[in-house]
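Only one structure is covered here, and it is reproduced in the block below.
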Amino acid sequence: MPELPEVEVVRLGLAGAIPNRRIAAVSVLHPRPVRRHVGGAEDFASSLPGRSFGVPRRRGKYLWLPFADGDALMAHLGMSGQFRLDEPGSPLPPQCRVVIAFTDGGAELRFADQRMFGGLWVSPGGADGPTEIAHIAADLFDDSLDLDALAAVITTKRSGIKRVLLNQAVVSGIGNIYADEALWRARLHYDTPANQLSQTEALDLLVAAKQVMAAALAEGGTSFDALYVNVNGSVGYFGRSLAAYGRADLPCDRCGRPIVREAFMNRSSYRCPGCQPRPSAVG
DNA sequence: ACTATATCCTGTATGC
DNA sequence: TGCATACAGGATATAG
């Protein structure tokens with residue numbers, strides 16, 4: 001699923017293809033992905049032509065594509081959203097929802113989304129920081145992030161540590177895959193109360209999360225199937241490097257015990273029962 | 001204020 | 001072969 005590394009791969013792909021290009025026409029093929037656009041689908045399609053893109057930006061899993069006029073096109077990939085850059089007239093990708101054509105007649109920007117948890121909308125005045133994502137915290141690659149301060153905040157939370165890692169208002173960009181990988185690297189059980197961690201333990205966990213996401217970014221992200229791909233349709237290769245996620249019954253790379261899969265927060269959590277034992281009751 | 005859960009959505013895999 | 005069900009999970013609304 002697209003988390004920070006995958007979204008950054010997409011951002012980089014867009015950065016090489018859309019800046020300074022002017023929109024000629026927009027087609028909305030399904031209304032749901034533009035549900036967050038205040039004026040509705042027709043307004044979305046009619047308000048974009050004539051605008052020119054700047055350099056795409058990202059916070060956590062959110063992308064925004066600034067326009068020269070100060071507004072921005074907001075984008076979230078959700079579970080299965082994809083941006084593709086394809087030549088006009090070429091076959092549409094499966095579940096293509098929105099098509100943006102340019103005045104130069106070059107590659108079109110196409111938004112496909114099977115499950116439609118993702119979406120696009122125009123953020124008025126959002127080019128330099130959309131208000132719609134004011135509640136989204138800095139991510140671990142944000143230069144302005146104070147890692148020590150973030151670790152201190154985490155140690156005040158009473159929730160289990162995985163809930164905290166997944167809370168985008170605390171630290172953004174981490175989803176189920178990299179949460180499990182970071183917890184495995186830090187040898188922590190997902191249900192460990194965050195306020196039972198020492199400052200050092202919290203800091204080590206954040207560093208682990210940043211390191212695993214940096215490694216994933218270097219390999220083009222994690223792809224399990226065609227649901228996550230780069231703007232040119234290529235897949236990422238970090239899936240082969242995962243130590244916990246998706247490895248139920250396979251041996252832990254550290255201790256050899258089989259990784260277990262457990263239901264947690266309406267999804268799956270993977271951990272090593274040897275390296276990441278359930279914490280003792282509250283003490 | 002804080003924490004936890006239900007909901008949305010569809011293609012794929014699995015079971016009977 | 002066909003139908004039903006489980007599963008994948010990010011963000012938000014709602015409940016506690």
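Quick note on labels: first sequence line is chain A, next is B, and so on, each numbered from 1. Nothing here was measured: the structure is a model prediction, and the numbers come from that model.
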Protein-proximity profile, nucleotides 10-16 of chain C, B/S/- by nucleotide at the 4.0 Å heavy-atom cutoff, equals BSS----
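A:R32 comes within 4.0 angstrom of the backbone, heavy atoms only, and of no base. Here A:D113 lies out of heavy-atom contact (under 4.0 Å) with every strand.
For A:R278, the side-chain hydrogen bond (donor to acceptor under 3.5 Å, both in side chains) criterion is met by no residue, not counting sequence neighbours. With sequence neighbours left out, A:N266 forms a side-chain hydrogen bond (donor to acceptor under 3.5 Å, both in side chains) with no residue at all. Contacts of A:S198 classified as side-chain contact (heavy atoms from CB on, under 4.5 Å), with partners at least two apart in sequence or in another chain: A:T200, A:E201. Not counting sequence neighbours, the partners of A:A151 by the side-chain contact (heavy atoms from CB on, under 4.5 Å) test are A:Q199, A:A202, A:L203, A:L206. Evaluation of the side-chain hydrogen bond (donor to acceptor under 3.5 Å, both in side chains) rule for A:D191 yields no partner, not counting sequence neighbours. Remark: A:S268 pairs with A:R261, A:Y270 by the side-chain contact (heavy atoms from CB on, under 4.5 Å) rule, at least two apart or across chains. Partners of A:D249 under the salt bridge (charged side-chain N to carboxylate O under 4.0 Å, His left out) rule, at least two apart in sequence or in another chain, do not exist in this structure. The side-chain contact (heavy atoms from CB on, under 4.5 Å) test applied to A:D86 returns A:R84, A:S90, A:P93, A:R110, not counting sequence neighbours.
Phosphate proximity of B:dA4 to A:R163: present, with a side-chain N or O under 4.0 Å from OP1 or OP2.
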Please convert DNA chain C into dot-bracket. A pair counts if it is Watson-Crick or G-U wobble with both distances under 3.5 Å; crossing pairs go in [ ] and bases paired with another strand get |.
.|||||||||||||||
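Of the two residues contacting DNA chain B, namely A:M116 and A:S159, the nearest-nucleotide position lying further toward the 5' end is that of A:S159.
Rounding to whole angstrom units, CZ of residue A:F264 and P of B:dA6 are separated by 14 Å. We find that CD1 of A:I161 is positioned 12 Å from P of B:dT3, with the value rounded to whole Å. Remark: C1' of B:dA1 and CG of A:N167 are 13 Å apart, rounded to the nearest angstrom. If you measure from atom CG of A:L29 to atom C1' of B:dT10, you get 17 Å, rounded to the nearest angstrom.
Between A:R59 and A:D142, none of the side-chain N atoms (NZ, or NE/NH1/NH2) sits under 4.0 Å from a carboxylate O, so this pair counts as no salt bridge.
Between atom CG of residue A:D180 and atom CD1 of residue A:I259 there is a gap of 9.5 Å, rounded to the nearest 0.5 Å.
DNA chain C is contacted by no residue of residues 118-129 of chain A, taking any non-hydrogen atom closer than 4.0 Å.
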Quick test: give all pairs of protein nitrogen or oxygen and nucleotides 11-13 of chain B nitrogen or oxygen below 3.5 Å, distance rounded to 0.1 Å.
{"residue": "B:dG11", "atom": "O4'", "partner": "A:Q114", "partner atom": "OE1", "Å": "3.1"}
{"residue": "B:dG11", "atom": "O4'", "partner": "A:Q114", "partner atom": "NE2", "Å": "3.2"}

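Remark: the A:K61 side chain and the A:S172 side chain contain no N/O donor-acceptor pair separated by less than 3.5 Å. Between A:E132 and A:W64, the side chains place no donor N or O within less than 3.5 Å of an acceptor N or O (distance only, hydrogens not considered). A:K162 and A:N176 share a donor-acceptor pair across their side chains, judged by distance under 3.5 Å alone.
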